[in-house]
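Below is one structure, written out as structure tokens; the observations come after it.
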Amino acid sequence: MEFSHASFHGTMKSEAENVLNAILPQLKLLSMAVMGLILAHRKFQVVPKETFKILSRLVFALFLPCLIFIDLGSCISLTNFIHWWFIPVNVVLSTAIGCVLGLLVAVICRPPPEYFRLTIIMTAFGNTGNLALAIVSAVCDSSDNPFGDDCSSTGVAYVSFSQWVAVILGCTLVYHMMEPPLENSEIVEEGAEIEEIPTEIEIEETPTDNLSVPLLVEAEWPGLEEKETENCKTPFIARLFHSISSISRTTFPDLDSVQEGRTCLAEPRMVRKIRIVAGKTPYRHILQPPITASALAIIIGLVPAIKSFVFDDDSVVSFITDSLDFMADAMVPSTMLVLGGMLAEGPNESSLGIRTTIGIIVARLLILPLLGIGVVITADKFNFLVSGDQMYRFVLLLQYTTPSAILLGAIASLRGYAVNEASALLFWQHVFALFSLTVYIIVYFNVILSFI
């Protein structure tokens with residue numbers, strides 16, 4: 001009887017500790033975000049918006065790359081590189097499942113037609129970078145965290161290992177999904193050459209308010225909105241496919257017939273369209289400081305001799321890595337201050353509709369994490385995951401739990417599409433994520449991780 005009472009008391013204490021370990025990290029992050037909100041609030045104006053933009057650039061160009069390089073480089077090895085394969089795959093899976101959810105939200109909630117694609121991508125593409133790193137760092141800050149002594153370094157390494165996939169998706173899928181609607185554009189004149197379509201497109205750009213650019217545009221990928229390309233504010237894909245499909249086949253007799261007296265195999269129309277779109281995709285945006293740091297860390301970490309020379313404590317270059325480590329410590333507080341500054345601006349006016357806004361929030365923050373639990377449990381049953389590594393599973397679950405990526409706001413500004421609607425959605429998602437993240441982390445600590 002005494003043994004049973006002691007066992008019950010121990011179980012209750014363990015559950016209470018898990019709840020406390022789940023809540024405290026969120027309170028730490030919340031307190032830093034509140035500080036940023038107060039400093040940036042228009043009533044106080046202690047710190048101007050321009051300062052937050054500079055801080056955001058420091059996070060992007062210095063603090064985050066230092067954090068990624070130090071923790072990923074010291075943890076990665078050829079064996080780990082092979083074992084961690086499911087982390088980037090999980091990012092693709094979470095985005096694909098999110099797209100299906102977003103499509104259901106769009107069908108059920110029926111947003112305005114011009115925001116159909118916005119509804120899908122805002123549901124699908126989550127913040128698997130800065131916010132996930134902040135959560136992992138806050139969870140590992142406690143000495144009695146459930147993941148052990150190497151909690152912080154391994155957790156940051158896992159999150160960093162998925163960064164390159166998220167950036168590739170952002171510069172390809174998200175970039176093209178966020179293109180402006182076709183409704184105000186003019187159809188390419190009949191008889192125009194297919195190759196010339198991208199350069200002949202002319203569209204009236206949607207006017208944007210340049211007097212006060214929202215901080216969210218600078219919050220995760222500063223400077224992206226400045227890198228405008230020839231077709232970034234035009235419905236390039238819609239114009240290309242619509243104009244070609246509407247032109248009579250007789251207009252292009254040479255596409256699949258004789259040219260210069262010789263019979264040649266014509267390039268399939270769909271292949272040609274895809275090639276043109278690929279040529280207009282801004283791949284150069286992928287090579288940013290965090291991705292460069294990830295690539296450098298992986299290259300160094302895969303070569304034992306170089307890894308030892310760079311990351312060993314008694315190395316002759318240890319003073320450099322120590323300096324980078326000091327700067328990496330500034331990443332989480334700086335990120336949360338910028339997030340607080342973004343929330344201080346409040347939500348912009350949105351034409352999306354309350355029903356669709358609520359639908360996106362519910363799908364992204366409540367339903368998608370439940371589906372993510374199923375994906376991770378299934379992957380574990382098939383032995384796709386690293387055996388016995390709970391932090392590995394926790395990071396995989398986080399990829400389904402975070403709100404939409406703030407990067408979406410920057411891409412919306414870059415493309416001149418639904419800037420106010422993206423801003424409003426990001427604001428409300430991050431407000432409600434304070435509660436949903438806490439609830440799901442409690443669930444992960446008390447239920448899921450104990451069974452996986």
Side-chain angles (χ1 to χ4, degrees), residues 28-70 127 129-135 137-138 156 160 163 166-167 170-171 208-228 232 282 284-294 320 323-348 403-414 419-420 422-423 426-427 430:
K28 294 175 184 177
L29 297 178
L30 177 61
S31 63
M32 287 185 282
V34 169
M35 292 178 191
L37 189 151
I38 294 173
L39 291 173
H41 199 276
R42 60 178 61 92
K43 283 188 176 181
F44 305 103
Q45 284 291 320
V46 178
V47 177
K49 180 190 294 186
E50 188 60 33
T51 302
F52 280 96
K53 290 185 177 182
I54 293 173
L55 181 59
S56 177
R57 289 176 181 268
L58 282 173
V59 170
F60 180 73
L62 182 61
F63 302 152
L64 178 57
C66 287
L67 181 67
I68 291 174
F69 179 77
I70 291 297
N127 191 333
N130 291 8
L131 186 57
L133 287 170
I135 293 171
S137 299
V156 171
S160 302
Q163 289 274 290
V167 172
C171 292
T208 55
D209 182 14
N210 294 323
L211 297 178
S212 180
V213 178
L215 183 59
L216 73 88
V217 172
E218 295 274 350
E220 187 166 288
W221 202 324
L224 180 62
E225 79 288 350
E226 300 171 359
K227 300 176 181 178
E228 295 187 0
C232 68
R284 63 181 179 277
H285 293 342
I286 295 174
L287 297 178
Q288 298 297 323
I291 305 305
T292 304
S294 298
I320 297 178
S323 300
L324 297 178
D325 197 16
F326 289 147
M327 288 185 283
D329 291 338
M331 184 269 170
V332 172
S334 299
T335 298
M336 298 315 298
L337 287 174
V338 172
L339 179 60
M342 185 193 83
L343 296 178
E345 296 181 340
N348 288 341
S404 297
I406 300 175
L407 174 63
L408 293 171
I411 295 180
S413 178
L414 176 68
V419 178
N420 289 342
S423 174
L426 289 171
F427 175 85
H430 281 79

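With contacts defined as side-chain heavy-atom distances shorter than 4.5 Å, the pair M331/N130 qualifies. The closest side-chain heavy-atom distance from I406 to L339 is below 4.5 Å.
Considering every non-hydrogen atom in both Q163 and S294, the closest pair reads CB-OG, 4.4 Å. Closest approach of K28 and A138 over heavy atoms only: NZ-O, 4.1 Å. Across A293 and P65, no two heavy atoms sit closer than the pair CB-O, 3.5 Å. Contact record, F427 with G346: CE1-CA, 3.7 Å, taken as the closest heavy-atom pair. Summarising the geometry of A422 relative to A412, their closest heavy-atom pair is CB-CB, 4.1 Å, with the distance given to 0.1 Å.
Among residues two or more places apart in sequence or in another chain, the ring-ring contact (aromatic ring centres under 6.0 Å, His included) test is passed with F69 by F311. A134 meets the side chain to side chain contact (heavy atoms under 4.5 Å, CB included) test with L29, V332, M336; sequence neighbours excluded.
Atom-to-atom distance recorded for L131:CG and S404:OG is 11.5 Å, nearest 0.5 angstrom. Note that OG of S160 is 6.0 Å distant from CG of L67, once rounded to the nearest 0.5 Å. Taken from SG in C171 to CG in L407, the straight-line distance is 7.5 Å, to the nearest 0.5 Å. The distance from atom NE2 of H41 to atom CG of L343, rounded to the nearest 0.5 Å, is 11.0 Å. The structure places OG of S334 at 12.5 Å from CE of M327, a figure rounded to the nearest 0.5 Å. Taking CG from L408 and CG from L414, the interatomic distance works out to 12.5 Å, rounded to the nearest 0.5 Å.
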Show the numbers, then the answer: is there a side-chain contact (heavy atoms from CB on, under 4.5 Å) between F60 and Q288?
CA-CA 9 Å; F60 180 73; Q288 298 297 323; 3.5 Å; yes
For a side-chain contact (heavy atoms from CB on, under 4.5 Å) check, start with the C-alpha distance between I68 and V156, then their side-chain angles and the critical distance, and finish with the verdict.
CA-CA 7 Å; I68 291 174; V156 171; 5.6 Å; no
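Between the side chain of H430 and the main chain of L426, a donor-acceptor pair closer than 3.5 Å is present. S56 places no side-chain N or O within 3.5 Å of a backbone atom of F52 that could act as its donor or acceptor partner.
Under the side-chain contact (heavy atoms from CB on, under 4.5 Å) test applied with F63, the options D329, L324, L58 reduce to a single match, L58.
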